[in-house]
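Sequence positions, counted from 1, serve as the residue numbers for this chain. In listed order, ligands and their atoms are each counted from 1. Fair warning: this is a prediction, and the values are worked out from it, not measured in the lab.
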Amino acid sequence: MHLRVLYCFLLVGTVAVFCKQNKGHVSVVLLGATGDLAKKYLWQGLFQLYLNEVNSGHSFSFHGAALTPAEKAEPLLFEALKSLSCPEDVPPDRCALVKDQFLKLTRYRQLKTSENYTALHQDILTSLAEEGLHEAGRLFYLSVPPFAYADIAQNINGSCRPPPGAWLRVVLEKPFGHDYESAEKLAGVMQTFFREEEIYRVDHYLGKQTVEQILPFRRRHQKFLDPIWNKQHVERVEIVMKETVDAKGRTSFYEEYGVIRDVIQNHLTEILTYVAMEVPRNLSNSDEVLRAKLELLDSLRAPEHSSAVIGQYQNYLAQVREEMEKNHNYFTNTPTFAGVLIYIDNTRWEGVPFLLVSGKDLDERTSYARVVFKDNAFCVHKQSKEETIKNSCQPKQIIFHIGNGALNFPAVLVTKSLFKPSLPYSQWQEASDVPGISFFGQPISDYFVHRPVQERDAYTALISNIYRGKKGSFVTTKNLLASWRFWTRLLENLNNETPRIYPGGEETITLLDFVIERGGLRFVSKEGLEVMGMDQNTNSFASAQSIFLGNPMVSNWAEPLIQQLAQDIQTAAEEAVKNRGIFHLALSGGSSPIALFHRLYKHHFGFPWKHTHLWMVDERCVPFTDTDSNFGSLERHLLQHVRIPYVNIHPMPVHKNQRLCDEEDKGTEEYALEISALLTNSSFDLVLLGLGNDGHTASIFPGSQDGITGDKLVVLSESPLKPTHRMSLSLPLINKAQKVAVLVLGKGKHDIITLISRAENKPVRWPIFGVKPNSGQLVWYVDYDAMFR
Ligand SMILES: *[C@@H]1O[C@H](CO)[C@@H](O)[C@H](O)[C@H]1NC(C)=O
Ligand SMILES: *[C@@H]1O[C@H](CO)[C@@H](O)[C@H](O)[C@H]1NC(C)=O
Ligand SMILES: *[C@@H]1O[C@H](CO)[C@@H](O)[C@H](O)[C@H]1NC(C)=O
Ligand SMILES: *[C@@H]1O[C@H](CO)[C@@H](O)[C@H](O)[C@H]1NC(C)=O
C-alpha cells in the first residue's frame, strides 16, 4: 500500500503536473477476485474506471480478495490482470502507463476470517494516515455465491466500515433469492448490516448500451412518442432473449432456477419496466426513476395459469441425470424455455400484450425489445418505392436491439414511417455499414438505424455508476420484491405444469410458436404426442378403462382425458335436462379443472348452459376479486365465455358484512338453504372434485372436525396452505350426488395416487376415502403422468 500518490504526474507521461487537490481516497475490494465473472468482466471494468477517473482528484487502491491464501491466489490474480486492455481511442503508451500504475495499486488479500477484515481496515487507515490522505469511500464488490453474503456482510459491517464522512457501497450479484420469500429473507439479512443506499444489486442488463438508452430515447422523442406510446397505438411489445447454448455444465444451478428465475424475472423484467414505465421528469434523479419503476411493477396484472407456455430441450433430462448423478427414475419439470404474457393494469397499457420470451438451445442468439404499432390505416393509392418513407401504410415498429442476432451489434431501429430519431451524437451514430437484410419483416433500409459510436461492456458502465453513486441503474429492495411478487405467483401456477419437450436448435422449427388467445398463451402446434410414444392420428381415445379403489377409472394423457371428461359432463347435462329440465353441477377450485373449463367453452357449443346451475364445491375465504378466489377463477376461465343466466350462478357467500367467513354471518347455513331450496333431496347431478397431495378433497383436509361425517351440508374448514380459511360442501352432501368425478392431473400427483392405492381406508386421515356416493356413481379421471409418472 504505497506509491499511490505517484498517480498524478505519471499519468501524463513525460510532463509532470501537480495534483489537483486530492478529493479523497477510494478503496475497492473485489471479493471473488479470481472467479469467472471477475476474470471476464469485473477487473476490466475496474481498470476502465481507473482509466477514466485517474484525473478526477480521487486516489485509488484495489484489493482483489478471496478465501484462498495468497501463495495460491496471487498467480491466478496476475493471470486475470494480464489481459486488461484499453479502448481503441487511448494511445498505446498512455495505456501501458496507466495499466502499469493500476497493477501497482492492486494487491491480493485473503479475506476469510473476521481478523482478516479487521487487518484490511487497519491497513487502509494506516496507509492513508502515512500519505496524508482522507478517505472518500469503500466499495465492496461481492462476486460470490449468495450463501456467502451473510458472513461477508457481517464482517464488513463489523470491522470494515469506513470512518464517518466516507461512503460505503456494497455490490451484490444475482441470484437475489429464488422466490419472493427467499428474496425477502436475503434482503432482510442485508438490511440488518447495511442501509438501503449502501446496497447496489447488479442486473448487468441495466448496463447494456441499448437498455440504458431506452428512457433517454423516450424522453428525447417525447414529441413523437407521447401520442402513440399507449394502448390506442401499440399492438404489442416483445421482450426477447434467445440463446443457442444449453445448460450443460451448470445443470445443478439450472435445476433450481430454470429460465424464468434465471433471466426473465430479472433481465427481461427490467427491460419491460423501461419500456412501459412513465418517464420521470428528471432522468438524472435516481429516486424518481426508481419510484416510477416500482409503480409500473406494482401495476402488473397478477398472472394466470394460462399466462405462460413452457418448454424443455430434449437433452436436458439426460444432462441433469449425468451431471447430478441421478438415475433413470429422476424426472424434471424445469423449463428451459418460456413465453410469458403480461398485462399492465393502468390506463396507458390496459389490454396491450407484453410478451417476455427466453430459452436455451434455440435456433439463434439474440436479444431485443420490440414495440409493434397497430396498423390502422388503409392506403387507397398504390405505393411506389419513394413514397414508402412517410406512408402510413408501412408497418411501424421501434426495436431496441441489445445484441447478437442478425444485426450483431447494439442498435436502436425506428421504421421510417414513424419519425427520424436523433440520438446524442457523441455516443450514437447513424449506422452506415448495415447488412442488406430483412429485419422483422421489413428491409433494413426501411429503418433509421443508430448504433453506439463505441461499443462497451455493461459492467464498465455499471462500475462507473457505482463509483458515482447513481442508484438508478440498480435493483432496490422494494423493486426486487415487487418483481418477485409477480413472478412467484406465476411460478406457483406452473408448479405442476409439464414443459413441452423440444428437440433444440434448428430442429425445433415451429414447435415452440405460440399465440395469444383469450388473455392467455397456447402453443400453436398440437402437443407432440409422438414424443411420448402415442399415435397422434388415432382419434379414438386410447383411454384405459379400469378400476381404482373399487370404482371405475378413466385414464389417458391429460389432453384426451380432459376431452373425455368434458364429453361425459355434457352427456350428463343433456340427460338431466331431458329428464327434469335442469342440471345442477358443482365445480371445484384449484388449477386442475382450468383445462376442463377451457375445453367446455371452446368445444362444447351445444352445452345446455341455459338450463345449468353452477355451484361451488369449495371456496377460499378471500374477496371474489382476489386471484386466489375459486369463483374468480371460474369467472375468468368459464363464465366469461359462456351464456349462462346470472340467476343460475351460485358463488359461495364467503364475503359478508365486509368480513370473510365469519361464523356469525352464517354463510354456510345460507348456502345450505339455497341448495335445499333448489335441488331435489339436495342431490347434485354432478360434482367435480380434485385430489390434494395430502389426500384432501373439496376443502376437507386431513383431521377436519366437520365435513367428513355429520349432518352439516356446508362447513367452514382450515387448510394447511394459504389462504387457510375455506368454505366447502361436506362429504355427506357430496355423497348424495348422482355422479362424482375426481380429476387428478400431472406428475405432481403421482405420489398421492400411489399412496392412497395402498393406504388404509381412513377418511379422517385421507378425506378422499370419505367420498362414497350413497346411490350415485364415482368415477376417477387420472392422467398417465399421475398414474405412471
Ligand atoms: C487471515 O486470518 C487467519 C486466521 O486469523 C490467519 O491465519 C491468516 O494469516 C490471515 N490472512 C492474512 C492474509 O492476514
Ligand atoms: C453493524 O455494525 C455496528 C457498528 O459496528 C454494530 O453496532 C451493529 O450491531 C452491526 N449490525 C449487526 C446486525 O451486526
Ligand atoms: C435532476 O436531479 C439531479 C440529481 O438529483 C439534480 O442534481 C438536478 O438538479 C435535477 N435537475 C432538475 C432540472 O431538477
Ligand atoms: C328423494 O328422496 C326420497 C326419500 O329418500 C325418495 O323416495 C325419492 O325418490 C328421492 N327423489 C329423487 C329425485 O331422487
*Name the one of Leu142, Val29, Asp151 that satisfies side-chain contact (heavy atoms from CB on, under 4.5 Å) with Ile156?*
Leu142
*asked:* Check this for me - ligand 3, Ser284, N or O atoms closer than 3.5 angstrom, yes or no?
replied: no
Taking only residues two or more places apart in sequence or in another chain, which ones pass side-chain contact (heavy atoms from CB on, under 4.5 Å) with [X]?
| X | answer |
| --- | --- |
| Pro424 | Gln213, Arg220, Gln427, Trp428 |
| Pro162 | Glu135, Arg138, Ala166, Leu168 |
| Asn52 | Gln48 |

*Are any of the N or O atoms of Asn157 closer than 3.5 Å to those of ligand 2?*
yes
_Ring centroid separation Phe354 to Trp349 under 6.0 Å_ =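 Yes, the ring centres sit under 6.0 Å apart.
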_Close residues, ligand 1: non-hydrogen atom nearer than 4.0 Å_ =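 Near ligand 1, by chain and number: Gln110, Thr113, Glu115, Asn116.
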*asked:* Do Lys471 and Tyr200 form a cation-pi contact, if we require the NZ or CZ to be under 6.0 Å from the six-membered ring centre and within 45 degrees of the ring's axis?
replied: yes
*Would you kindly check if the NZ (Lys) or CZ (Arg) of Lys174 is within the cone defined by 45 degrees around the ring axis of Phe176 and under 6.0 Å from the six-membered ring centre?*
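The answer is no; the distance or angle limit is not met.
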*With a cut-off of 4.0 Å, which atoms of ligand 2 are near a heavy atom of Phe193?*
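Here the atoms of ligand 2 in question are 12 (C), 13 (C), 14 (O).
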